[in-house]
Amino acid sequence: MNPYDHIKTENYWQKKWEEDFTYRTDTHSSKPTFFGLIEFPYPSGAGLHVGHVRSYTGMDVIVRKRRMEGFETLFPIGWDAFGLPAENYAIKTGIHPSITTRENINTFREQLKACGFSFDWDREVDTTDPQYYKWTQWIFLKLYENGLSYKKEMPVNWCPKDKCVLANEEVVDGKCERCGAPAEKRNKEQWMLAITKYAERLDKDLDDTTFLERIKIQQRNWIGMSSGSEIDFKINNTDLSFTVYTTRADTLFGCTYCVLAPEHNLVKQLLANGQIKNKEEVEKYIAEAIQKIDMDRSAEGKEKTGVLLEGITAINPANKKEVPIFIADYVLATYGTGAIMAVPAHDARDYEFAKKYGVEIKQVIKEIDKVDTENFELYCDDGILINSESFDGQKSEEARTKITEAVNGKLVKKSKLRDWVFARQRYWGEPIPLVYDKEGKMYPVAMSELPVTLPQVEKYEPTDNGESPLSHVTDWVSVKGKLDVAGYFHTDETGEEFRRETDTMPQWAGSSWYFMRYIDPRNDTSLGEKEMLMKWLPVTWYNGGMEHTTLHLLYSRFWYKFLFDIGLTPTSEPYMKRTSQGMILGNGGVKMSKSIGNVINPDVIVKKFGADTLRMYEMFIGPFDQAVAWDDKSVIGIRRFVDRLYTLKNKVSESENSLSIIHKTIKKVGEDIDTMAFNTAISTLMICLNEFEKEKSVPLNDFKAFLKLIAPFAPFITEELWKELGGISSIHKESWPEFNESKLIDNNVTYVLQVNGKLRGEVTLSRDTSKEDVLSAVKSLDGYLKYVGELVPKQQIFIPGKLVNIVI
RNA sequence: GCCGGAGUGGCGGAAUGGUAGACGCGCACGACUCAAAAUCGUGUAUCGAAAGGUGUGGAGGUUCGAGUCCUCUCUCCGGCACCA
């Protein structure tokens with residue numbers, strides 16, 4: 001029998017905390033604030049995953065410590081509940097997604113409560129609740145008003161067999177996930193959000209955050225800011241021209257040809273003009289290029305292809321020489337200007353292409369201090385200009401600006417980011433709050449009309465023409481109303497007939513601002529009371545998965561910056577600090593998956609060992625930010641710790657003589673929690689317990705401090721023991737223990753003797769022993785006599801309190 | 001190809017340039033037990049009988065002293081990928 005009954009204890013305290021509102025946040029408190037955030041879960045049918053537990057426990061430990069340190073903490077939870085699985089389930093079974101979602105949420109809520117997270121359950125938000133998505137729609141309309149949302153024809157993934165639009169995640173290896181038919185690209189008018197307008201700020205403002213460095217780097221790579229030049233090239237004997245983007249204007253004299261993306265508008269124009277002699281060949285190439293899906297086009301190691309535009313040439317603005325123009329799909333229409341100046345001598349891609357098509361290769365940069373230019377080598381770095389007329393001898397870096405100016409180019413910044421496709425042809429999402437009149441002209445729905453709620457439908461399948469299932473619901477799509485003077489739509493039975501937008505928003509919408517709603521979750525007149533938003537934002541610390549670094553994190557930073565620009569938030573960055581937990585892999589280090597059957601269900605662990613054990617185990621399993629493998633056998637080690645802790649109460653005495661070990665433990669555990677070094681925090685706690693067990697008795701105050709240190713990790717057992725020791729209020733509302741500096745220092749220290757750096761003995765001496773005395777003590781050690789003997793040391797290294805190294 | 005991260009016992013992993021392997025798992029032996037489990041105790045990098053060597057992916061280097069710093073290199077994991 002275990003001495004400690006975790007089931008009884010955990011059930012009791014879970015209920016008790018709920019009744020007492022132990023973790024409720026007072027947003028009006030005058031205490032300093034701490035807003036700890038974790039990524040709210042998608043309530044999938046699979047239930048809570050041990051990965052959730054890892055992330056949430058990490059933040060819970062930090063929040064609990066902050067709470068004990070006197071902060072008013074906001075640690076909320078909610079549900080990111082729109083999304084494909086519920087919709088696909090509805091297609092299969094006809095059960096409304098709201099029903100499945102509600103059931104799943106209930107399961108998740110129970111599981112999370114059983115884990116003992118100190119969430120304020122009164123602040124739950126649910127992205128599918130009309131009272132929530134009312135404000136998602138409101139933000140959308142604000143974006144619309146500010147010209148940041150627009151409609152554009154965009155290629156979408158289309159399954160020709162299922163006849164429906166596929167989300168990117170439904171396209172696996174270029175095929176429809178469900179039926180396996182090859183996905184095609186089709187053009188469709190799509191709602192877009194102009195995130196690219198914020199690209200530079202999204203990059204630059206990372207400087208003001210304390211995100212983990214790897215998160216910043218990954219975001220920066222994704223945003224892909226680069227500084228370069230836009231330079232115009234004239235087409236010989238015409239008035240036409242095109243603009244190229246280059247980061248290497250210093251190599252302009254080495255530009256021996258140009259390339260336009262196959263989709264480039266100028267190509268269409270030239271074809272229409274009849275100026276291109278090999279029209280058929282060019283048209284064929286364009287048709288093929290467009291049909292290829294993204295993946296083919298950018299496949300690794302793929303040989304470059306292209307077609308020369310016969311009959312026209314461009315003029316290199318630097319030296320006025322004629323250069324050929326190609327179209328080639330290695331130039332992307334979506335980046336830069338969709339056209340490049342090719343410098344085969346100094347760009348690997350251009351070099352490969354030029355070799356294949358026999359274009360001139362002209363070196364214009366030489367490596368600094370490298371005299372021999374006889375044997376040409378592809379050389380891409382900065383250097384000194386050659387063959388560049390009056391610019392010869394200049395350094396690459398300076399020449400970039402000077403050459404750009406000389407040819408009337410512009411210095412510009414570009415980003416790899418593309419605007420955000422903000423529409424799905426799906427049912428289970430926030431309706432986009434716009435209407436169209438009979439002419440197809442678009443009007444925003446008035447703010448006062450929000451939310452535009454999802455109607456009940458019969459069928460969830462996307463329609464044959466790729467429209468959302470909402471388009472079936474004619475009595476919803478068709479709506480009567482009037483326009484106000486500002487052009488906003490108001491429903492009105494006596495008004496004219498309008499047609500609602502049937503696209504819905506992507507799942508990223510609700511999660512782009514959810515953390516703000518927690519502050520004032522039931523506010524019906526605004527997305528949050530301004531004073532409270534100003535007080536509680538930005539989020540102090542946000543922990544989540546690395547997989548959200550490039551999408552969710554970027555999207556929510558974008559929305560937040562916009563909301564800052566319209567005066568709703570106090571800062572332009574939503575999260576002061578962002579950290580990431582590593583994945584939990586299955587036994588043996590492979591990814592947990594249903595198909596392998598190695599998924600660990602947290603419920604099973606909670607039942608068998610208790611939530612305290614689960615939480616501590618996940619914190620102990622390895623460094624928080626690294627991937628770790630679950631090990632069934634190791635869980636028992638934590639459970640033993642829990643049992644031994646429970647038994648330790650029998651050793652408590654009234655002694656006033658605080659033990660040194662507790663002070664060391666307080667210091668180390670406190671530091672480790674702050675840096676998320678949870679694994680070493682727990683090993684420190686284990687060491688402390690081992691030390692306590694060696695003692696005849698443990699002073700009550702030491703034991704109490706020990707419980708407080710464990711409380712963030714194991715909230716149940718510590719609460720139970722606290723009560724058994726006579727605690728009246730919750731341990732989780734107690735203050736964090738402090739250590740006594742003087743108790744950290746041991747009176748005796750062990751000096752190590754090294755001879756030539758090798759360990760040859762050790763001696764324990766009083767801390768205040770002088771250098772001379774230490775040296776003489778060391779010289780009487782066997783190791784000294786044996787390895788040094790009568791030899792005269794060349795050098796004696798003395799490190800106070802640590803070691804003596806004798807060099808002979 | 002580019003950008004990150006990581007290579008340490010049988011395993012997960014510890015180590016401000018100063019005793020490598022803390023802590024935990026596992027294993028071995030012992031105690032308790034009729035017995036087993038649980039629990040408790042002791043031990044546990046490796047070669048060697050011992051003395052003594054050798055050891056943090058590999059090769060060099062700096063240093064009195066390197067898992068830690070520097071140079072080169074190999075392997076694994078994650079992200080991006082024709083971004084001009």
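Naming convention: chains lettered A, B, ... in sequence-line order (proteins, then strands); numbering from 1 in each chain.
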For the residue pair [X] and [Y], categorise the inter-ring angle as parallel (less than 30°), tilted (30 to 60°) or perpendicular (more than 60°).
{"X": "His548(A)", "Y": "His552(A)", "answer": "perpendicular"}
{"X": "Tyr330(A)", "Y": "Phe353(A)", "answer": "tilted"}
{"X": "Tyr646(A)", "Y": "Tyr4(A)", "answer": "tilted"}
{"X": "Phe678(A)", "Y": "Phe624(A)", "answer": "perpendicular"}

Reckon [X] touches a base, only the sugar-phosphate, or nothing at all at heavy-atom distances under 4.0 Å?
{"X": "Gln754(A)", "result": "base"}
{"X": "Ser226(A)", "result": "sugar-phosphate"}
{"X": "Val752(A)", "result": "base"}
{"X": "Phe353(A)", "result": "nothing"}
{"X": "Ile340(A)", "result": "base"}
{"X": "Lys304(A)", "result": "base"}
{"X": "Ile799(A)", "result": "base"}
{"X": "Ile797(A)", "result": "base"}
{"X": "Asp350(A)", "result": "nothing"}
{"X": "Arg640(A)", "result": "sugar-phosphate"}

Identity of whatever pairs with [N] - Watson-Crick or G-U, under 3.5 angstrom:
{"N": "rA15(B)", "value": "none"}
{"N": "rG30(B)", "value": "rC40(B)"}
{"N": "rA20(B)", "value": "none"}
{"N": "rC25(B)", "value": "rG10(B)"}
{"N": "rC72(B)", "value": "rG58(B)"}
{"N": "rA50(B)", "value": "none"}
{"N": "rG65(B)", "value": "none"}

Along RNA chain B (nearest heavy atom to each residue), the more 5'-positioned of Thr550(A) and Ile621(A): Ile621(A)

For the [atom1] atoms, the ones on [N] and on [M], what distance do you get once it is rounded to whole angstrom?
{"N": "rA38(B)", "M": "rU75(B)", "atom1": "C1'", "value": "43 Å"}
{"N": "rU63(B)", "M": "rU68(B)", "atom1": "P", "value": "16 Å"}
{"N": "rU16(B)", "M": "rU71(B)", "atom1": "C1'", "value": "25 Å"}
{"N": "rU8(B)", "M": "rA66(B)", "atom1": "C1'", "value": "14 Å"}
{"N": "rG65(B)", "M": "rC76(B)", "atom1": "P", "value": "35 Å"}
{"N": "rA6(B)", "M": "rG17(B)", "atom1": "P", "value": "15 Å"}
{"N": "rU44(B)", "M": "rG21(B)", "atom1": "C1'", "value": "12 Å"}
{"N": "rG12(B)", "M": "rG60(B)", "atom1": "P", "value": "28 Å"}

Given [options], the nucleotide with the shortest approach to the side chain of [X]:
{"X": "Ser634(A)", "options": "rC40(B), rC64(B), rC25(B)", "result": "rC25(B)"}
{"X": "Asp631(A)", "options": "rG18(B), rA84(B), rC25(B)", "result": "rC25(B)"}
{"X": "Ile636(A)", "options": "rC25(B), rC82(B), rC80(B)", "result": "rC25(B)"}
{"X": "Lys802(A)", "options": "rC23(B), rU16(B), rC40(B)", "result": "rU16(B)"}
{"X": "Asn805(A)", "options": "rG13(B), rG18(B), rA20(B)", "result": "rG18(B)"}
{"X": "Ser683(A)", "options": "rG24(B), rG18(B), rA22(B)", "result": "rA22(B)"}
{"X": "Asn679(A)", "options": "rA84(B), rG13(B), rG26(B)", "result": "rG13(B)"}
{"X": "Ile687(A)", "options": "rC64(B), rA84(B), rC23(B)", "result": "rC23(B)"}
{"X": "Val331(A)", "options": "rC23(B), rA84(B), rU16(B)", "result": "rA84(B)"}
{"X": "Pro623(A)", "options": "rG18(B), rC82(B), rG13(B)", "result": "rG13(B)"}

Hey, are Glu618(A) and Arg54(A) close enough for a salt bridge, meaning a charged N less than 4.0 Å from a carboxylate O? no

Do the charged groups of Arg220(A) and Asp207(A) touch, with an N to O distance under 4.0 Å? yes

Over how many whole Å does the gap from [X] atom [atom1] to [N] atom [atom2] extend?
{"X": "Lys216(A)", "N": "rG79(B)", "atom1": "NZ", "atom2": "P", "value": "23 Å"}
{"X": "Glu762(A)", "N": "rG18(B)", "atom1": "CD", "atom2": "P", "value": "17 Å"}
{"X": "Phe798(A)", "N": "rG18(B)", "atom1": "CZ", "atom2": "C1'", "value": "13 Å"}
{"X": "Leu803(A)", "N": "rA20(B)", "atom1": "CG", "atom2": "C1'", "value": "14 Å"}
{"X": "Lys794(A)", "N": "rC64(B)", "atom1": "NZ", "atom2": "P", "value": "11 Å"}
{"X": "Arg400(A)", "N": "rA84(B)", "atom1": "CZ", "atom2": "P", "value": "11 Å"}
{"X": "Gln626(A)", "N": "rG4(B)", "atom1": "CD", "atom2": "C1'", "value": "13 Å"}
{"X": "Phe624(A)", "N": "rA6(B)", "atom1": "CZ", "atom2": "C1'", "value": "18 Å"}

With Lys577(A) as the cation and Tyr542(A) as the aromatic partner, state whether NZ or CZ is under 6.0 Å from the six-membered ring centre and within 45° of the axis. no

Quick one: the side chain of Lys633(A) and the base of rC11(B), do they pair up donor-acceptor inside 3.5 Å? no

Looking at the angle O4'-C1'-N9-C4 for a purine or O4'-C1'-N1-C2 for a pyrimidine, is rG4(B) syn or anti, with syn meaning within 90° of 0? anti

Judged by atom type as modelled, is there a donor-acceptor pair below 3.5 Å linking the side chain of Arg557(A) to the main-chain atoms of Leu202(A)? yes

Is a donor from one side chain sitting under 3.5 angstrom from an acceptor on the other, for Gln581(A) and Asp625(A)? no

If we count only N and O atoms by modelled type, under 3.5 Å, do the side chains of Arg400(A) and Ser229(A) hold a donor and an acceptor together? no

Taking OP1 and OP2 of rC23(B), is either one under 4.0 Å from a side-chain nitrogen or oxygen of Tyr617(A)? no

